[in-house]
**Q** 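Next up is a structure, given as structure tokens.
Numbers for residues simply follow the sequence, beginning at 1. Order of listing sets the numbers, starting from 1, for every ligand and every atom in it.
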Amino acid sequence: MKILLVGNGGREHAIARALARTSTTDHPVELVVQAGNPGLERLGESRTLDPLDPDDVLRRVLGEQVDLVVVGPEAPLVAGIADAVLERGVPVFGPTRAAARLEASKSFAKQVRAAAGVAPAASRTCRTIDEAGAALDAMGSPYVVKDDALAAGKGVVVTGSRDEALAHAAACLARQGGAVVIEEYLDGPEVSLFCLSDGATALPLVPAQDFKRAGDGGTGPNTGGMGAYSPLPWLPSGAVDQIVHGIAQPVIDEMARRGTPFVGLLYCGLAMTSKGIRVVEFNVRFGDPETQAVLALLKTPLGQLLASVAEGTLAEQPPLEWKDGYALTVVLAAQNYPDSPRTGDVITGAENPAVLHAGTARNANGELVSAGGRVLNVIGTGPTLTDARDAAYAVLGTISLDGSHYRSDIALPAVEGRISV
Ligand code: AMP
Ligand code: GLY
């Protein structure tokens, strides 16, 4: 099976590695990858392509005669890559533009949730600054202010300061057609549950937890994610079933009922609150960096699994197989991430097989350099969460990148038994 993987960050490096690692002699996977990531490029034939241009992606799909297209990031999906490829009869792992609205518009996601009977957080969509101010006062502190449009995980401000909340609302509204969502604050630990969907059946992967803030202890600004681990030793048994039956499956059923079936991965971002499980957000693709931990544990051949999603045969899949133990990923970020990350610094120590490349490139001298905010993802695995942590941090200690930073407390609250539901 020849697969074209669209996207070239750490998540795609993890997907490509899992595709290669679980490839079987009966069903070998051959990979064509998007150029630009020196780590990812080693795992397949690399091709330049513009992931946001459906015609360009289609040119590669037809030129390389691929059997399946797997799309990593959300932006190409929102740009209609899947629609263009499906029109030519090639299977795609990833939703159409219409189904990708579950992530692209927070207000659309709320409508679908309401229709699916999934308990929402209280929220108001505002189109003027006066409406936003009134909604902040109605909801109270801490304030949760979200850009209605796609913002790569950085459109959300959670703050105790009304001034900061209002300033972010103003920034969201300043954009053409801008809207802002003011939401009730959800207390309780967060869970990322990835559910594969072929349009009808929801199949959960192992749950993970992401660390969104830049600094230890959850301080500093929100980022795309600074680390993750899986599975979650503190999650009550039965929670995954509850999420699948109470949230993912009803949403998938509602999308099918609307005539825009959801095919791909439905990322359920949840909070385990004192009032029950609440949805923080939906995404329409693998989470980054949770995927780096989750896929490190997968034993089932990933290529066949993603193909069965695209072909609508998920119900016939045997139960997924997972390695025992835990996996953890720590993000090594560039100086000044998430504000204005510095790029072009030389990286040493990235040859370790525990390292995935997220934002790297080669300079004119052929040296590996930083080329994005999140530069490397270091993976640790082990029979206990402590072992997985120790493994990842030991490798981090051998990597050098001037000005870089990482969180030292990934999975620490879980290891110390400080998470309660
Ligand atoms: P989102 O882009 O909606 O996932 O939001 C990014 C992050 O902001 C989430 O992962 C949470 O950490 C935080 N967040 C979003 N919505 C809420 C909420 N209603 N209450 C508390 N924290 C939130
Ligand atoms: N890790 C958060 C995200 O992928 O959106």
**Q** Do any nitrogen or oxygen atoms of Tyr185 lie less than 3.5 angstrom from nitrogen or oxygen atoms of ligand 1?
**A**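 For ligand 1, there is no N or O atom that lies under 3.5 Å from one belonging to Tyr185.
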
**Q** Could you tell me whether Lys275 and Glu184 make a salt bridge, using a distance below 4.0 angstrom between a side-chain N and a carboxylate O?
**A** yes

**Q** Using a strict 4.0 Å cut-off to heavy atoms of Asn283, name the atoms of ligand 2 that fall inside it.
**A** 5 (O)

**Q** Using a 4.0 Å heavy-atom cut-off, say whether Glu190 meets ligand 1 through its side chain, its backbone, both or neither.
**A** side chain

**Q** Examine ligand 2 and decide if any of its atoms is less than 4.0 Å from a heavy atom belonging to Tyr267.
**A**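 Tyr267 counts as a contact of ligand 2 under the 4.0 Å cut-off.
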
**Q** Suppose I only count heavy atoms of Lys146 and a 4.0 Å limit; which atoms of ligand 1 are within that range?
**A** 3 (O), 15 (C), 16 (N)

**Q** Tell me, yes or no, whether the heavy-atom count around Asp324 atom CG, taken from other residues, nucleotides or ligands under 6.0 Å, exceeds 12.
**A**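 Result for CG/Asp324: open.
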
**Q** Report, in ascending order of atom number, the atoms of ligand 2 lying under 4.0 Å from any heavy atom of Lys212.
**A** 2 (C)

**Q** Which ligand 2 atoms are under 4.0 Å away from a heavy-atom of Gly287?
**A** 4 (O)

**Q** With distance as the sole criterion, is a donor-acceptor pair present between the side chains of Lys110 and Ser123 under 3.5 Å?
**A** yes

**Q** Can you list the atoms of ligand 2 that are under 4.0 Å from a heavy atom of Glu290?
**A**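 What qualifies from ligand 2 is 1 (N), 2 (C).
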
**Q** Suppose we screen for side chain to side chain contact (heavy atoms under 4.5 Å, CB included). Which residues come up paired with Ala99, at least two apart in sequence or across chains?
**A** Pro95, Thr96, Met255, Phe262

**Q** Considering the heavy atoms of Glu184, write down every atom of ligand 1 situated less than 4.0 Å from one of them.
**A**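 Heavy-atom distances to Glu184 below 4.0 Å select 18 (C), 19 (N), 20 (N).
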
**Q** Does Arg127 come within less than 4.0 Å of Glu131, counting only side-chain N to carboxylate O?
**A**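 Salt bridge flag = no for Glu131 with Arg127.
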
**Q** Looking at ligand 2, does Gly224 have a heavy atom less than 4.0 Å from it?
**A**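 It does; at least one heavy atom falls under 4.0 Å.
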
**Q** Hey, does Leu186 come in under 3.5 Å of ligand 1, counting only N/O atoms on both sides?
**A** yes

**Q** Numbering the atoms of ligand 1 from 1, which are under 4.0 Å from a heavy atom of Val144?
**A** 16 (N), 17 (C), 18 (C), 19 (N), 20 (N)

**Q** Regarding Lys106 and Asp147, does a basic nitrogen lie under 4.0 Å from an acidic carboxylate oxygen?
**A**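 Looking at Asp147 together with Lys106, the answer is no, because their closest N to O distance does not fall below 4.0 Å.
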
**Q** Thinking salt bridges, do Glu45 and Arg47 make one under a 4.0 Å N-O criterion?
**A**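 Between Arg47 and Glu45 there is a salt bridge, with a charged N closer than 4.0 Å to a carboxylate O.
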
**Q** Looking at ligand 2, is there an atom of it that comes within less than 4.0 Å of some heavy atom belonging to Gly225?
**A**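 Contact absent.
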
**Q** Using the ring of Phe286 (Phe, Tyr or Trp, six-membered ring only), decide whether Arg11 places NZ or CZ under 6.0 Å from its centre and within 45 degrees of its axis.
**A**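 Negative - Arg11 is either too far from the ring of Phe286 or too far off its axis.
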
**Q** Among pairs that include at least one residue of residues 411-421, which meet side-chain hydrogen bond (donor to acceptor under 3.5 Å, both in side chains), considering only residues two or more places apart or in two chains?
**A**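 As it turns out, the side-chain hydrogen bond (donor to acceptor under 3.5 Å, both in side chains) pairs with a partner in residues 411-421, which skip direct neighbours, are Glu416-Arg418.
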
**Q** Within the distance-only criterion (no hydrogens, no angle test), does the side chain of Ser23 pair as donor or acceptor with the backbone N or O of Leu19 below 3.5 angstrom?
**A** no

**Q** Counting only heavy atoms closer than 4.0 Å, does ligand 1 sit against the backbone of Asp210, its side chain, both, or neither?
**A** neither

**Q** Does Arg285 come within less than 4.0 angstrom of ligand 2, counting non-hydrogen atoms of the residue?
**A**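 It does, in that a heavy atom of Arg285 comes within the 4.0 Å cut-off of ligand 2.
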
**Q** Measuring from non-hydrogen atoms of Arg278 to any atom of ligand 1, is the shortest distance under 4.0 Å?
**A**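 Judged by the 4.0 Å heavy-atom criterion, Arg278 does not count as contacting ligand 1.
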
**Q** Which of the atoms in ligand 2, numbered in the order shown and given with their element, are less than 4.0 Å from a heavy-atom of Asp210?
**A** 1 (N), 2 (C)

**Q** Before accepting this row, confirm whether a basic side-chain N of the pair Arg97/Glu74 lies closer than 4.0 Å to the acidic partner's carboxylate O.
**A**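 Glu74 and Arg97: not salt-bridged.
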
